[in-house]
Amino acid sequence: EKVIEFKNVSKTYPDGTQGLKHVNLSIEKGEFVVIVGLSGAGKSTLLRSINRLNEITEGEIVIKGNSITKAKGKQLLRMRRDIGMIFQNFNLVKRSSVLKNVLSGRVGYHSTLRTILGLWPKPDVALALSALDRVNIKEKAYSRADELSGGQQQRVSIARALAQEATIILADEPVASLDPVTTVQVLDDLQHVNQELGITTVVNLHSVDLAKKYATRIIGIRAGEVVFDGPVDEAVDKT
Ligand code: ADP
Ligand code: ADP
């Protein structure tokens with residue numbers, strides 16, 4: 001089952017920089033794809049174009065058979081709800097509790113008023129707690145987000161994507177600000193949810209060694225072009 005398809009995708013930034021050049025890709029359900037490449041190669045541009053945090057300038061991106069490039073309004077919101085995003089800097093509300101941060105993944109499922117008032121239905125709270133449990137951090141549910149270590153905060157952001165009921169997770173340099181031990185814990189958690197829940201996962205990493213350890217498939221990019229795409233055992237430092 002094809003989950004993410006790039007059809008001749010290019011991105012030219014307003015200043016003329018070409019972020020992506022004629023990228024064609026097809027990612028299947030349950031894959032753990034790692035995108036590798038040097039800084040400035042286009043990893044972020046590629047990842048962020050999947051959920052349209054970044055608008056492409058040519059071609060089309062298709063998610064589960066529907067064009068997200070052409071999607072508008074409610075359809076675009078529905079498609080985005082299916083895609084959890086994990087950032088280098090966690091993007092948590094620092095002064096809020098861990099549980100509230102995870103519940104924010106449920107925002108799109110309820111009326112705005114209800115979410116502003118924080119009137120979360122019990123099943124949502126249960127879902128958020130079980131998401132925290134899955135990444136082994138349930139005991140921190142009532143701590144303030146900024147009391148947690150970087151690695152713990154990143155696990156909270158994974159739990160938020162799970163509470164969102166995303167079937168696709170995009171992680172843009174998720175371990176770039178973490179130490180080596182914590183890096184492994186966070187990537188282990190991503191691998192765990194990929195394998196247990198079948199969540200299609202696309203991760204940007206600088207490190208080819210880490211890519212080889214976790215990926216089922218490695219995509220190498222250089223200057224906005226795919227220069228390698230294949231199984232891990234064939235991956236060499238072509239980027
Ligand atoms: P990374 O290498 O980790 O992807 P960058 O330092 O390239 O991060 O980018 C950080 C931010 O600056 C991003 O929001 C990116 O869109 C923006 N940016 C990067 N390069 C340029 C550029 N040449 N002109 C304008 N904005 C840029
Ligand atoms: P990576 O994630 O691999 O570090 P990026 O996708 O951030 O690479 O950047 C790819 C290229 O696009 C780089 O040359 C970068 O400077 C450029 N770029 C990124 N964001 C912007 C932006 N907002 N405006 C102009 N150029 C940008």
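As the structure is a prediction and not an experimental result, all values here were calculated from the model. Numbering of ligands and ligand atoms starts at 1, following listing order.
Checked by atom type, the side-chain pair Thr167/Asp82 shows a donor-acceptor distance below 3.5 Å. For the 3.5 Å distance criterion, the side chains of Tyr214 and Asp188 qualify, holding a donor opposite an acceptor. At a cut-off of 3.5 Å, with distance as the only test, a side-chain donor of Thr17 or Asp15 sits close to an acceptor on the other residue. For the residue pair Asp172 and Ser44, a side-chain donor N or O sits within less than 3.5 Å of a side-chain acceptor on the partner.
Those atoms of ligand 2 that come under 4.0 Å of a heavy atom in Lys43, given as number and element, are 1 (P), 2 (O), 3 (O), 4 (O), 6 (O), 8 (O). Close approach to Asp15 involves these atoms of ligand 2, each under 4.0 Å from a residue heavy atom: 25 (C).
Within the structure, ligand 2 lacks Gly37 among the residues with a heavy atom less than 4.0 angstrom away.
Taken from CZ in Phe90 to OG in Ser177, the straight-line distance is 4.0 Å, to the nearest 0.5 Å.
The N/O atoms of Ala41, backbone and side chain alike, include one that comes under 3.5 Å of an N/O atom in ligand 2.
With a 4.0 Å cut-off on non-hydrogen atoms, Thr45 touches ligand 2 through its backbone as well as its side chain. Looking at Leu38 against ligand 2, only its backbone comes within 4.0 Å, counting heavy atoms.
A 6.0 Å sphere centred on NZ of Lys100 holds no more than 12 heavy atoms belonging to other residues, nucleotides or ligands.
Of the listed residues (Gly40, Pro14, Ser49, Ala223), the one carrying the non-hydrogen atom nearest atom 1 (P) of ligand 2 is Gly40.
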